Every structure is written in structure tokens, then in C-alpha cells.
Amino acid sequence: MGCIEHKKSPATNGDSDLFAGGEKVTVPDFNAFDVMEPRFPEKTPVDRRNGKHVKANDIPPEGVYLPNNNILAPHMKSPEYVQLSNAAAITLGIMGGRMYRCECTRCLNLLLTYPEGCRANCAYCGLARHREAERDYADRNFIRVDWPAVPMTDIVDIVAKDPENSPFHRMCISMITHPRSEEDTFTVLQQWTDKIDPQAIPVSILSNPTTMTRADVQRTKDLGADIFTVALDAATPELFDRTRGKGVQSPHKWKKYWDTMLEAKDIFGPQKFGAHIIVGMGETEYEVLNLVQELVDLGGHSHMFCFFPEEGSLMDHLPATPRDQWRRVQLARYLIDYRDVRVDHMTFDDEGRVKSYGIANSELSDIIDAGIAFRTSGCPGKFQDDISACDRPYGDSPPSNIASYPFQPKKKDIKKIRKQLDIPVAVEE
Ligand code: SF4
């Protein structure tokens with residue numbers, strides 16, 4: 001068999017070349033729309049719908065709940081309970097464990113929790129409704145990790161002891177899709193700001209626009225939230241519909257998400273609103289960077305994730321975003337968000353891939369070597385504006401092939417990144 005070439009990239013690098021039976025095979029260096037089709041959700045048996053299975057047992061909650069410790073998830077509900085990432089639980093001292101090359105996380109990510117779970121069905125998400133057929137809500141993996149459930153009062157009491165010196169630079173409430181999520185978000189937020197000065201640890205809201213009104217957005221601001229983001233996730237209306245809307249029997253609509261983001265723009269003001277975007281679900285690099293530009297032009301920011309096939313999700317059979325695609329978008333997004341480069345200064349090939357970044361090579365080289373562009377993106381912490389508090393350790397990749405660096409990349413990391421970008425260090429004359 002000869003050398004098989006699928007879509008060969010002008011920027012193909014080592015990560016895209018595989019050897020099958022001794023033959024070199026070049027795999028695509030981007031996730032194309034046609035490839036990234038989610039599975040259709042199967043019907044949930046009646047006895048497992050809406051958390052029925054969990055609620056039937058009615059086991060009272062007892063302190064911290066570690067996923068998979070119990071056969072049945074206890075009857076835990078927000079606002080009394082929230083779930084928090086493994087990284088946040090380790091940092092808080094609620095759980096033991098260590099994270100690869102990270103001492104702690106700088107963002108306390110909280111998720112509202114209910115026995116019936118999130119009522120949406122997003123194709124890439126471990127919390128999606130279709131999973132009730134096989135896994136209780138409190139035991140579901142989300143962005144690659146488990147989420148212990150903890151009484152909110154315990155969390156507040158620990159952080160309130162010394163907010164100024166807390167390892168956390170920010171707290172974030174993720175709302176999920178549930179009829180109670182607005183009211184419970186207000187309660188959790190108020191519980192926090194009653195005891196912890198939001199100037200010491202600012203709060204972000206990762207919203208659920210589908211059930212929110214403008215008055216709800218305003219209320220989060222009035223209760224002390226600093227930044228309001230919308231988890232747009234999909235980069236185009238078509239992809240949104242396929243992964244979060246009709247395509248997977250999920251209730252979300254692109255227009256409602258945009259309308260809520262524009263309300264947040266009015267209410268929270270410049271630099272205090274933005275959108276989450278997942279790269280590699282079938283959009284082109286041009287499409288996602290155009291969206292990044294649109295957000296910047298509105299006065300907001302983009303927070304980016306690299307697509308990873310979450311176990312148990314409707315996209316778990318699909319490829320993670322190739323590192324070369326991800327690095328190009330990550331670098332270009334940083335230039336648009338923080339270096340005043342515009343998408344129309346960049347050039348793209350026929351497949352929409354970035355060909356040039358719109359700045360001088362020497363400047364580009366300095367930005368690559370600084371490494372910040374390749375760190376996890378998100379709401380800022382206390383170090384500097386372009387360094388996110390929300391470092392989400394290994395939320396979008398395994399530590400063996402890091403997508404978003406939850407720490408400052410070292411020399412050896414930059415060398416790998418340059419290889420993925422196919423931008424070698426210039427030889428000095
Ligand atoms: S609304 Fe959020 S939590 Fe719920 S399935 Fe979609 S992405 Fe997951």
C-alpha cells in the first residue's frame with residue numbers, strides 16, 4: 001500500500017503523521033464539519049427519566065459526596081449543595097490528590113446540582129440529559145473530571161477565613177439548564193457575597209440563557225457578579241443547532257444565546273462579558289476567529305476550549321481537535337483578543353486554515369516564546385489581564401498531550417508548541 005494522504009495541510013507537522021503497517025499516513029490536521037456528526041440520543045427508560053431512580057431512594061445527603069462512592073447518588077440539591085471540580089476540591093483541601101505540574105487551581109468553579117440534572121442534551125457534554133439512562137447525575141464526568149458535591153456553607157466557611165490570601169483569584173457559578181437554576185444562582189451568589197468581599201475574590205457567572213430573562217441578568221450584577229459569560233460553545237448557528245439544539249433534542253437556540261450576551265454587554269459593560277467557544281467541532285478556523293473578532297468588536301472576550309471527546313457523550317466516538325488546528329486558533333485568538341490584530345489582517349487557505357497571523361515574524365516569535373497565548377483562557381485573575389484565573393487543569397486534554405496549559409509553559413513546552421504550529425525558531429544571522 002502506498003502513502004495515503006487525506007487532507008494534507010500546508011502546515012502538517014509531526015502530530016499529524018501516523019505510521020500504519022510501516023506506511024506513512026497523513027491524517028487530517030483539522031476536524032471537518034462532515035466528520036464531526038454527533039450520535040442521536042437514545043430513548044431513556046421511563047424508570048430512569050428525570051432522576052426518578054435517584055429520587056425514589058430519597059437518601060438524605062451527608063456532607064461531601066465523592067462521585068462513585070455510592071451506588072445511588074444522594075438526594076442533593078442546589079442551593080444547599082453545589083458540585084465543584086476535582087482541582088477546586090483539592091485546592092480547598094476537601095479532597096486529597098495532586099495535579100500534574102500544578103500546585104492548585106486559581107478558580108473555584110461551582111456547578112449547580114439536582115438529582116434530575118441538566119435538562120439539556122448538548123452532544124459534547126458529560127452532563128447531558130441522555131446520560132440519565134446509565135449514570136446518576138452526581139456521578140457524571142464533566143470536562144474530563146469528576147465533580148464532588150459539597151454543602152455550599154462548607155465552601156463559603158473555608159474561603160471566608162482569609163479571602164485576601166486565598167489561592168482562588170475568582171469564583172464562577174455554572175448554571176446548567178434547570179427550572180430552578182436562576183433562583184438558586186441568586187441564592188448561591190448571595191451566600192458568597194454575604195461573607196466574602198467580591199473585591200477580594202470576584203465572581204463570574206457562566207449563564208444558561210435558555211431560561212433567563214434580562215431581569216435575571218441584571219439581578220446577578222446587582223448581587224455582586226463581576227463578569228457574565230455565555231456558553232455559546234458552538235462557533236456557528238448550524239453547529240449550534242446540530243450539537244445543542246434540534247439535532248440532539250436539546251432546547252437551546254443560537255439567537256437566545258446572542259440576545260442574552262447583548263443584554264450582558266449593556267448591563268455589565270466592556271470587558272465584563274464574553275462567550276465560551278469550543279474549537280474543533282466542525283467549524284473552520286476562519287469561522288471561529290471571525291466570531292472571536294465579533295466579540296472583541298462588541299467589547300467582550302472569548303474563552304476557548306479544545307474539543308475533547310468526553311466519555312459517555314454523544315461525541316465520544318469523534319477525534320479530539322488535532323493540536324496543529326488548536327494551536328493556530330489559540331495563537332490567532334490571543335492576537336485578536338490582546339494584541340489588537342484583526343482577523344482581516346490574517347490570511348487563510350481554501351479550507352479556512354490560518355496561513356499568516358497579520359503581524360511581523362519577529363513579534364509573532366516573541367509572543368510564541370512568551371507562552372501566555374497557549375495557557376488556558378478565561379476570566380482574568382490577579383496576575384495580569386491576559387492570564388486567566390480559570391486554569392481548568394486538563395479539562396480539554398490529557399496531561400500527556402496538553403491543549404490548554406494550566407501553568408506557564410516552559411522551554412520544552414514552547415519547543416513542542418512551535419513544532420505543532422510548524423513555526424520553527426528563526427536562525428539568527
Ligand atoms: S446546558 Fe451546559 S451542562 Fe447542560 S448539557 Fe448543555 S453544556 Fe452540558
Side-chain angles (χ1 to χ4, degrees), residues 36 38-42 44 49-51 67 73 77-78 81-85 109-147 149 172-182 184-185 188 204-212 216 228-235 239-254 256-258 260-261 274-281 303-316 318 378 390 392 395-396:
M36 299 304 288
R39 275 199 305 275
F40 193 71
E42 285 176 17
T44 305
R49 281 185 208 161
N50 243 323
K77 279 186 195 159
S78 292
Y81 268 77
V82 289
Q83 285 178 263
L84 74 179
S85 66
N109 293 101
L110 306 183
L111 262 181
L112 296 186
T113 189
Y114 305 95
E116 56 277 12
C118 182
R119 303 319 296 158
N121 226 7
C122 305
Y124 46 85
C125 181
L127 300 179
R129 188 185 72 229
H130 68 94
R131 294 199 73 195
E132 63 193 359
E134 38 93 23
R135 212 160 172 77
D136 296 343
Y137 189 73
D139 296 331
R140 288 180 210 162
N141 48 296
F142 174 53
I143 56 168
R144 302 189 65 257
V145 296
D146 288 333
W147 289 68
C172 175
I173 307 174
S174 298
M175 292 180 68
I176 74 168
T177 305
H178 189 276
R180 287 205 47 84
S181 70
E182 286 77 36
D184 293 340
T185 297
V188 167
S204 294
I205 303 291
L206 177 55
S207 65
N208 163 43
T210 296
T211 56
M212 286 188 98
D216 293 329
F228 188 99
T229 59
V230 165
L232 206 52
D233 293 352
L239 265 182
F240 187 100
D241 209 38
R242 170 155 101 167
T243 57
R244 318 199 63 191
K246 284 198 297 290
V248 283
Q249 299 179 325
S250 195
H252 302 317
K253 294 207 162 55
W254 171 268
K256 173 66 174 148
Y257 271 59
W258 268 94
T260 301
M261 194 169 62
H276 283 207
I277 310 167
I278 302 176
V279 172
M281 294 210 296
H303 303 165
M304 262 182 185
F305 297 71
C306 178
F307 171 74
F308 186 86
E310 180 89 39
E311 196 186 333
S313 74
L314 298 171
M315 293 176 83
D316 64 1
L318 296 172
C390 189
R392 306 186 295 275
D396 62 358

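Order of appearance sets the numbers: ligands from 1, and atoms from 1 within every ligand. Only a predicted model underlies this, so the values are computations on that prediction, with no experimental measurement involved.
- When heavy-atom distances to ligand 1 are checked against a 4.0 Å cut-off, Arg129 has no atom that comes that close, whether in backbone or side chain.
- Between Trp147 and Phe142, the ring-plane angle classifies as tilted under the 30° and 60° cut-offs.
- Atoms of ligand 1 found under 4.0 Å from any heavy atom of Arg244, numbered from 1 in the order shown, are 1 (S), 6 (Fe), 7 (S).
- Considering only residues two or more places apart in sequence or on other chains, Asp216 meets the salt bridge (charged side-chain N to carboxylate O under 4.0 Å, His left out) condition with none of them.
- With sequence neighbours left out, the salt bridge (charged side-chain N to carboxylate O under 4.0 Å, His left out) criterion links Lys246 to Asp241.
- Take Arg180 and apply the salt bridge (charged side-chain N to carboxylate O under 4.0 Å, His left out) test, not counting sequence neighbours, and it matches Asp184.
- Considering only heavy atoms from C-beta on, Val248 stays 4.5 Å or farther from Met315 through its side chain.
- Residue Thr211 forms a side-chain hydrogen bond (donor to acceptor under 3.5 Å, both in side chains) with just one option from Arg119, Lys256, Glu182, His178, and that option is Glu182.
- Residue-ligand proximity, His252 to ligand 1, at heavy-atom distances under 4.0 Å covers atoms 1 (S).
- Between His303 and His276, the two ring planes are tilted [angle within 30° to 60°].
- Protein atoms that are N, O or S and lie under 2.8 Å from atom 8 (Fe) of ligand 1 are these: Cys125 SG.
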